[in-house]
2 protein chains.
Amino acid sequence: MNSIRTTPTLHDVAIQSGVSTATVSRCLNFPEQVSDKTREKVMRAVDALGYSPNFGARVMASQRTNTIGAIIPTMENAVFARGIQAFQEELNAHGYTLLVASSSYRADLEEQQVRSLVARGADALLLIGHDRDPSIYEFLNAQKVPCLVTWAFDASAGRPSVGFDNRLAMHNMAKVVLNHGHRKLALISADVAANDRARARLDGMRDALAEAGLDAGALAVIETPYGIDSGARAFEQLMQAPDRPTAVFCGNDVLAVGAVGKAREMGLGVPDDVSIIGFDDIELARVAYPKLTTVHVPHREMGRRAARALVDTLKTGEPIEPQELAADLRLRESHGPVPKGR
Amino acid sequence: MNSIRTTPTLHDVAIQSGVSTATVSRCLNFPEQVSDKTREKVMRAVDALGYSPNFGARVMASQRTNTIGAIIPTMENAVFARGIQAFQEELNAHGYTLLVASSSYRADLEEQQVRSLVARGADALLLIGHDRDPSIYEFLNAQKVPCLVTWAFDASAGRPSVGFDNRLAMHNMAKVVLNHGHRKLALISADVAANDRARARLDGMRDALAEAGLDAGALAVIETPYGIDSGARAFEQLMQAPDRPTAVFCGNDVLAVGAVGKAREMGLGVPDDVSIIGFDDIELARVAYPKLTTVHVPHREMGRRAARALVDTLKTGEPIEPQELAADLRLRESHGPVPKGR
DNA sequence: TGTCGCAATGTAAGCCTTTACATTCCGGCA
DNA sequence: TGCCGGAATGTAAAGGCTTACATTGCGACA
């Protein structure tokens, strides 16, 4: 009909089907409010024109986007990729769409992403860990954008979280290793100052050491960026020290897998010469040889629950109920008793 | 000032800084068009009020979202996660935002996601592989949403792609293995009917077999879903057959890693008793023991180039230039000569 | 000093949908 | 037949921004 080919609008559909725009809108959003006859007529016009509603206009008129934003440190780590996948699936099931951004573990980038997601109309935000500039929380507050922290749990944070107790989980794992007789431990960790999960995990190890009556000297700590190669290098450095550890803990499985590979290169048996412990329990952990002893992070469950919590709060307006999940141990093949004579 | 706390609008900023809304808008979008003095004044007001533009309104007024959509089969496979990460980084660098959806390898879900992304105003779309109902391409065409296929390259498809030749890559790999004397091959593949990449890879193997003068009987094919355990099960099934293959190709590294694990369980040496070949070259491949011989998929490069191509076409209006990338072989430790006596 | 031209700024229309409120329709009941 | 009430539908405003076009301001030049 129209010689100038342009994408059809609600108005076009209304004309084509001989009703008002309000009726067309209702057909699409509240079909039960419209008589069968009219609805059918309208739907035929929608199909005929290939109409699809304009998101921007809809957002503007209804004042909500049905979009939830999430900022993760990186998609490269499977543990985040999978957590976010579960998050997305649950969101979709409730009619919400996910907008993801990754911060590359950089606070400045993260802040920028928060603003960008809010500007794009995210109705709510999912963030990893509690640590960030208070001004960000103030901003979200002022914009009335609910925000949920995950991957960590802190009942005292004054803001809801759905996660697990990083400190306790690491504490438990360290206890197991200490019970195997190890007395010289090491930790290959992410940047402790900038990362509250890393800090909590380190604290967990210290808790276990203190409990066992050992002093801080029994723990060597190396901070390093994320990556297999970083893990390998850090491990090498540890093993070249005069007083090498008998058990090396890693802040995540990727670092641990790097350590395991380097151990093989160096001719060190795992766990016969050195125990290596991971954190996260991603696929990599089961694939590594030997299979990694690690802390299981319930990433999928966290993703699902976080999604539900956020959807609930948006629908009901009630504040989010914090939820603590368990992170249990997966004692596999990469840990063992202290080597003889050490 | 305002007792009713509401998020500030352009208008509020305009009043606060004593200029018109147009000037504020220009300050934000084309700062060079505004005098230094005015810009400074406006920016102060923006900061003071904590203004951030309303996305919906902006979209509606400007008729573009600066958002590009991508639909991948799953975020769970690192090869997609990383490709998309690179895609996103490049997009961000050009001021675009990424909207991802995952289809779980299901055509019906994918179609739904295409519509949803377009409805949400995606200016362009990135899709994996060529195979899909023609009506989807018609829809995108009608909506004038440019779309780019990646992870595959087909100059004859009549639609642009940025990818590599799956068939040729697999052909090359199979040639190497055949040159090692293998005559009984197997392939653990994704669903061939529903997945053009899987089909191309299978065809590539057949090409190599034909070239070597072998008939179809020399190749056993098992189709299976994605996953480590699926790979393990398929491998077991192959090795229990009366006439077991001496080289097992896998449609991706995840399946291959499952196969390697099962081989170890079965007491089979890799590559002494059986060669196992992957595809993708994700981290897993280097971590597996033995290290996986595999086809390197240039996922990052594909992501980056796809992003650039899409941004270019949106900015210039020129059609997208197809680009073929190389997918070369990574001959590592999991392949070897045929076992003696076979 | 008066003009010209360009840079800076202002005015107001338009983008498309949702939704509060108004109107119409229609069957049922007195 | 007339009236009532609720369901169905219509009217029109509002939502915040961009941008074409109009206006103003100002320095340079004659």
Side-chain angles (χ1 to χ4, degrees), chain A residues 2 4 6-43 45-46 49-67 95 116 118-123 143-144, chain B residues 2 4 6-43 45-46 49-67 95 118-121 123 143-144:
Chain A
N2 226 329
I4 298 152
T6 173
T7 67
T9 71
L10 238 211
H11 186 233
D12 298 331
V13 176
I15 291 179
Q16 168 103 5
S17 51
V19 301
S20 74
T21 58
T23 301
V24 177
S25 174
R26 278 189 284 257
C27 273
L28 266 27
N29 297 300
F30 313 96
E32 71 285 0
Q33 288 180 15
V34 174
S35 75
D36 292 2
K37 211 174 49 174
T38 308
R39 179 155 16 96
E40 203 182 315
K41 202 167 50 180
V42 170
M43 286 318 196
V46 166
L49 294 171
Y51 169 75
S52 88
N54 177 306
F55 177 68
R58 172 175 277 188
V59 166
M60 204 164 101
S62 69
Q63 302 288 47
R64 59 194 131 69
T65 59
N66 282 0
T67 296
S116 152
V118 169
R120 302 184 78 82
D123 291 337
Q143 299 277 331
K144 301 218 207 329
Chain B
N2 225 328
I4 297 150
T6 173
T7 68
T9 71
L10 238 213
H11 187 232
D12 297 331
V13 177
I15 291 179
Q16 169 104 3
S17 51
V19 301
S20 73
T21 58
T23 301
V24 178
S25 174
R26 279 189 283 257
C27 274
L28 266 26
N29 298 300
F30 313 97
E32 72 284 0
Q33 288 182 14
V34 173
S35 76
D36 291 3
K37 212 175 51 178
T38 308
R39 178 154 17 95
E40 202 181 316
K41 201 167 52 181
V42 170
M43 286 318 197
V46 166
L49 294 171
Y51 169 75
S52 88
N54 178 308
F55 177 69
R58 171 175 279 189
V59 166
M60 203 163 101
S62 69
Q63 303 288 54
R64 59 193 132 67
T65 59
N66 281 1
T67 294
V118 169
R120 301 185 80 81
D123 291 337
Q143 300 276 331
K144 301 218 206 332

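Both backbone and side-chain heavy atoms feed into the values below; hydrogens, waters and symmetry mates do not. Since we're looking at a predicted model, the values are computed, not measured. Order of the sequence lines fixes the chain letters, A, B, ..., with proteins taken first and strands second; residue numbering starts at 1 for each chain.
At the phosphate of D:dT9, OP1 or OP2 sits under 4.0 Å from a side-chain N or O atom of A:Ser35.
With sequence neighbours left out, A:Ala61 forms a side-chain contact (heavy atoms from CB on, under 4.5 Å) with no residue at all.
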Apply the test side-chain contact (heavy atoms from CB on, under 4.5 Å) to residues B:Arg58 and B:Asn66: give CA-CA distance (whole Å), side-chain angles for both, the deciding distance (0.1 Å), then the verdict.
CA-CA 10 Å; B:Arg58 171 175 279 189; B:Asn66 281 1; over 6 Å; no
Set out, in order, the CA-CA distance, both residues' side-chain angles and the distance that settles side-chain contact (heavy atoms from CB on, under 4.5 Å) for B:Lys144 and A:Thr7, then state yes or no.
CA-CA 9 Å; B:Lys144 301 218 206 332; A:Thr7 67; 5.7 Å; no
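Put simply, CD on B:Glu32 is 13 Å from P on C:dT9, counting in whole angstrom units. Atoms NZ (B:Lys41) and P (C:dA8) sit 14 Å apart, rounded to a whole Å. Look at CD on A:Gln63: it is 18 Å from P on D:dA13, rounded to the nearest Å. Straight-line distance from the CZ atom of A:Arg39 to the C1' atom of D:dT9: 14 Å, rounded to whole Å. The nearest whole Å value for the distance from the CD atom in B:Gln33 to the P atom in C:dC6 is 16 Å. What separates CE of A:Met60 from C1' of D:dA14 is a distance of 8 Å, to the nearest Å.
In terms of heavy atoms, A:Thr21 sits closest to A:Leu10 at O-CD1, 3.7 Å. Taking both residues in full, the closest heavy atoms of B:Cys27 and B:Met43 are given as O-CE, 3.9 Å, listed atom of the first, atom of the second, then distance. Here the closest heavy-atom approach between residue B:Phe55 and residue B:Thr65 is recorded as CE1-O, 3.8 Å.
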For nucleotides 17-24 of chain C, read 5' to 3', which letter fits each nucleotide if B means a protein heavy atom sits under 4.0 Å from the base, S means only the sugar-phosphate is that close, and - means neither?
BBB-----
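Residue A:Val59 is out of contact with every strand shown, counting any heavy-atom pair closer than 4.0 Å.
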